[in-house]
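So you know, we letter chains A, B, ... as the sequences are listed, proteins then strands, and number each from 1.
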Number of protein chains: 2
Amino acid sequence: MDSANFIGESIDFIHRYTMKSLQKTAEEHGVTIPQIRVIGEVFAHKTVSIKQLTQNLKMTQSTVSDIVDRLISKEYLVKTPNKNDKRLVDISLSARLADNINESVTELTNQSLVGVLNLLKQDEQKTVIKGMELLVSAVKDKMIEEGMENREFLDILYFPEKDQRRR
Amino acid sequence: MDSANFIGESIDFIHRYTMKSLQKTAEEHGVTIPQIRVIGEVFAHKTVSIKQLTQNLKMTQSTVSDIVDRLISKEYLVKTPNKNDKRLVDISLSARLADNINESVTELTNQSLVGVLNLLKQDEQKTVIKGMELLVSAVKDKMIEEGMENREFLDILYFPEKDQRRR
DNA sequence: GTAGTATATATCGTGTACGATGTATCGCAT
DNA sequence: ATGCGATACATCGTACACGATATATACTAC
């Protein structure tokens, strides 16, 4: 129970750190973290629907909708109705942004943690990863055990090597 | 770098899980997670200032202020000006709440993770904790290295046994 | 084709969350 | 006592974030 507490606080702590860290980079570009994440996805796929963004970024549809709206009013994105299915909306980079965008968008992904891991020795990194794998699979098991409906919620996380083990 | 990515996603994943898990318990009581956290702090200290809540819960003063206001309008908390220092505000449980409150408030803290850890064998738990300790101290080092101003941000996390090691 | 269901977005209401700014009070130095 | 920087809190503006609901379109069965 005390260990659980420690794990909980640690997760919170690291989560806060990465957020804070990303935010610094983000606001140099005049955007927020969620906004960068959305832009990154659009950049990667050239054109996506709200639905896809919702799935890939693990945010609810309404949240994504909001963010996209803000990015459109900033003239970073454009929305065009999909030809084949008029319910869909094709979201893509605005011409203006498509030009002066570089890889800096994609490289935004947790750069901070790379630096953190590099502070550790090889075998220490192994331990960290091993521990995280154990914890994550335990969480997954727990979720299944208590019948957490959110299926999509699960297969978000990829495992480095082998995928599923444990009971 | 791929490991960093894995760590990052794992942290997010677990963070989301614990939030989701806490939320379920919280909304059975008709409150939100931050609200329960505030109530718990007030319950523990009998009477606190906004400042103290800000520090203990690691939220900004304005956020705390907002939440306390909502809890007051729900008649869960009361605000009385401090006698000694008129800048301070004493926050305490409302009479109504103070009665039918039980330990269930404090036990709200990451109960979910206890269950998760119990799914692991003793030595696996050891690995998880060890890994987390390594990661956390690496993050702390990184924060110091890049001169993260937020000092308070640091001494939030208690370590089970020994406190500081590493370079 | 029509009805009924499912899907994709939009919109609304509420609640965090945070930085910036305003306001009153406290303490200290003069 | 007067002034001034520091402190505690409130308030405002903006941006997530999510559930609930509305709306339009697609699909399916008949």
With respect to the side chain of Ser49(B), which nucleotide from dG15(C), dA17(D), dC9(D) is positioned closest? dC9(D)
Does the base of dT9(C) carry an N or O that pairs as donor and acceptor with the side chain of Arg87(A) under 3.5 Å? no
Nearest whole Å is fine: how far is dA15(D) P from Gln23(A) CD? 13 Å
Between Asp12(B) and Lys58(A), does any side-chain N to carboxylate O distance fall below 4.0 Å? no
So what does Ile67(B) hit on the nucleic acid, given a heavy-atom distance under 4.0 Å: a base, only sugar-phosphate, or nothing? sugar-phosphate
Electrostatic pair Asp90(A):Lys83(A) at N-O distance under 4.0 angstrom: no
Short question: side chain of Gln35(B), backbone of Thr32(B) - any donor-acceptor pair under 3.5 Å? yes
What is the distance, to the nearest angstrom, from the CE atom on Met19(A) to the C1' atom on dA17(D)? 14 Å
Answer yes or no: side-chain N or O of Thr60(A) and base N or O of dG19(D) forming a donor-acceptor pair under 3.5 Å. no
If you take all heavy atoms of Thr127(B) and Lys130(A), which pair is closest and at what distance? CG2-CG, 3.9 Å
Contact class for Asn82(B) (heavy atom, under 4.0 Å): base, sugar-phosphate, or nothing? nothing
Length of the CG-P vector between Asp69(B) and dC12(D), whole Å: 11 Å
Counting any heavy atom closer than 4.0 Å, what does Ser65(B) reach on the DNA or RNA strands: base, sugar-phosphate only, or nothing? base
On DNA chain C, compare the nucleotides closest to Lys83(B) and Leu88(A); which residue's is nearer the 5' end? Leu88(A)
Tell me: CG of Asp66(A) to C1' of dT16(C), nearest whole Å? 14 Å
Among the candidates dC26(C), dT16(C), dC16(D), find the nucleotide nearest to the side-chain atoms of Pro34(A). dC16(D)
Here the distance between atom P of dC16(D) and atom CE of Met59(A), to the nearest Å, is 8 Å
Would you please confirm or rule out a distance under 4.0 Å between OP1 or OP2 of dT14(C) and any side-chain N or O of Arg70(B)? no
To the side chain of Lys86(A), which of dA26(D), dT11(C), dT16(C) is closest? dA26(D)
Atom pair distance, as rounded to whole Å: CG in Leu57(A) and P in dA17(D): 10 Å
Earlier contact from the 5' end, DNA chain D, for Asn84(A) and Ser62(A): Ser62(A)
Protein-nucleotide distance (Ile50(A), atom CD1; dT11(C), atom C1'), rounded to Å: 13 Å
Quick one: which of dA17(D), dA10(C), dT25(D) gets closest to the side chain of Lys79(A)? dA10(C)
Testing dT16(C), dC26(C), dT11(C) for proximity to the side chain of Thr63(B), the answer is dT16(C)
Does the pair Glu146(B)/Lys142(B) count as a salt bridge with the N-to-O cut at 4.0 Å? yes
With distance as the sole criterion, do the side chain of Gln61(A) and the base of dA10(C) form a donor-acceptor contact below 3.5 Å? yes
Charged N to carboxylate O below 4.0 Å: is that the case for Asp123(A) and Lys121(A)? no
Using atom CG of Leu53(B) as one end and atom C1' of dT7(D) as the other, report the distance to the nearest whole Å. 17 Å
